[in-house]
Amino acid sequence: MCGRFVSTRDPASLADEFLAVDATGNDAPRADYNVAPTKSVLAVVERHPRDEEGTVDTSTTERTVRVMRWGLVPHWAKDLSVGARMINARSESVLDKPAYRDSASKRRCLLPADGWYEWQPGEGRKQPFFITPSDGSTLAMAGIWSVWWDRDDEGGSRPVVTCAVLTTDAIGEMATIHHRMPLLLSRERWADWLDPDRTDPADLLAPPEDDLVAGLELRPVTTAVNSVKNNHPGLTEPVAISAAEMPAPTLFEVT
DNA sequence: CCAGACGTTGTT
DNA sequence: GTCTGG
DNA sequence: CCAGACGTTGTT
DNA sequence: GTCTGG
């Protein structure tokens with residue numbers, strides 16, 4: 001699954017890499033080695049542009065890097081707090097769930113990441129791992145987003161854009177520490193995933209390619225990452241663990 | 001009809 | 001908002 | 001995901 | 001045990 005990740009690329013670099021325009025303004029989050037639910041994250045979206053009257057130009061699209069709050073809050077929610085529980089969406093059911101399906105068909109995004117954290121359950125204490133591409137490239141996690149209107153007492157309202165990370169069955173080496181993982185999208189799949197005209201994205205939800213997963217490095221890290229108060233590059237550095245704590249291939253084989 | 005949920009993960 | 005359960 | 005709280009009244 | 005907050 002994905003309940004914690006790392007994002008250190010700045011918006012301009014991401015805009016460059018994802019062929020997008022940096023639309024983060026002044027509220028872009030800083031490099032973050034411990035991104036947790038409810039925090040601000042950077043996302044890539046693609047939409048048909050609208051003019052000042054709100055008329056949509058369907059002949060073209062604009063791809064932008066934006067700031068979102070992690071934890072999807074559907075437009076009908078009474079308050080922001082529901083987002084804390086809507087941090088992941090199962091790719092197998094996202095098109096059917098009332099809280100997610102509109103977003104899945106009309107509001108998909110990419111959530112760039114340096115890598116993500118996974119806690120391997122076991123005897124005693126859980127061992128955290130950091131999973132990151134061996135070649136240092138940027139991961140793109142499949143995401144969905146929504147707008148929630150934060151109303152004040154004077155009748156005004158302010159939009160809050162929120163998002164969730166899609167999950168899928170763990171495959172390859174990932175299955176040795178956990179049975180779920182983020183839906184990672186190879187570069188070849190970015191354009192289709194973001195295409196606002198693909199409103200029936202069933203075939204966009206295919207699992208990650210084996211070679212994409214094979215290119216990931218899985219590294220045990222300090223339990224300091226457990227606390228969101230800790231946030232520094234050391235959280236992603238390898239630590240020595242005992243043989244008993246090494247990822248065991250049989251641990252999470254599918255039943 | 002109204003009330004209440006709307007989600008995932010892991011663990012037993 | 002929309003669906004499910006009672 | 002993990003960590004940390006989990007409560008109200010009244011008084012300053 | 002269960003919920004909220006980050």
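The structure presented is a predicted model; accordingly, all values stated were derived computationally and were not measured. Proteins get letters first, then strands, A, B, ... in listed order; numbering begins at 1 in each.
Side-chain atoms of A/N226 and A/W119 form a donor-acceptor pair, as typed in the model, at a separation below 3.5 Å. Between A/N231 and A/D32, the side chains place a donor N or O and an acceptor N or O closer than 3.5 Å (distance only, hydrogens not considered). Side-chain atoms of A/S134 and A/E217 include no donor-acceptor pair closer than 3.5 Å.
At the heavy-atom level, A/R101 lies under 4.0 Å from the strands shown only through sugar-phosphate atoms. Using a 4.0 Å heavy-atom distance criterion, A/F5 is classed as making no nucleic acid contact.
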Base contacts versus sugar-phosphate-only contacts with protein, heavy atoms under 4.0 Å: please encode nucleotides 1-6 of chain E as B, S and - from 5' to 3'.
---S-B
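The ring pair (Phe, Tyr, Trp, His ring centres under 6.0 Å) pairs that include a residue from residues 11-40 of chain A are A/F18-A/W190, where partners are two or more places apart or lie in different chains.
Protein atom CD1 of A/I177 is 14 Å distant from nucleotide atom P of B/dT9, rounded to whole Å. Atom-to-atom, CZ of A/R180 to C1' of B/dG7 comes out at 12 Å; the value is rounded to the nearest Å. Nucleotide B/dG7 holds its C1' atom 14 Å from the CG atom of A/D96, rounded to whole Å. The distance between atom CE of A/M141 and atom P of D/dC1, rounded to the nearest whole Å, is 14 Å. In this structure, A/L235 atom CG and D/dA3 atom P are separated by 13 Å, rounded to whole Å. Rounded to an integer number of Å, the gap from A/M181 CE to B/dT9 C1' is 16 Å. Atoms NZ (A/K78) and P (B/dG4) sit 10 Å apart, rounded to a whole Å. Atoms CD (A/E118) and C1' (D/dC1) sit 9 Å apart, rounded to a whole Å.
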Extract all donor-acceptor atom pairs below 3.5 Å that involve side chains of residues 160-168 of chain A and protein atoms in other chains or at least two apart in sequence.
from	atom 1	to	atom 2	distance (Å)
A/T162	OG1	A/V73	N	2.8
A/T167	OG1	A/R180	NH2	3.1

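A chain of hydrophobic side-chain contacts below 4.5 Å, direct or via other Ile, Leu, Val, Met, Phe, Trp or Tyr residues, connects A/V44 to A/W193.
Remark: the separation of the P atoms in B/dT9 and D/dC2 is 13 Å, to the nearest Å. Between B/dT8 and D/dC1, the distance separating the two C1' atoms is 11 Å to the nearest Å. Look at the P atom in both B/dG7 and D/dG7: the space between them is 27 Å, to the nearest Å. Here the separation of E/dG6 from B/dA3, taken at their P atoms, is 33 Å to the nearest Å.
Ring stacking is absent between A/W119 and D/dC1, as the pair misses the limits of under 5.5 Å between centres and under 30 degrees between planes.
Note on A/R90: every side-chain N or O is 4.0 Å or more away from OP1 and OP2 of B/dT8.
For D/dC6, the paired base is E/dG1 (Watson-Crick or G-U wobble, both distances below 3.5 Å).
The existence of a salt bridge linking A/R9 and A/D114 is confirmed by a sub-4.0 Å separation between a basic side-chain nitrogen and an acidic carboxylate oxygen.
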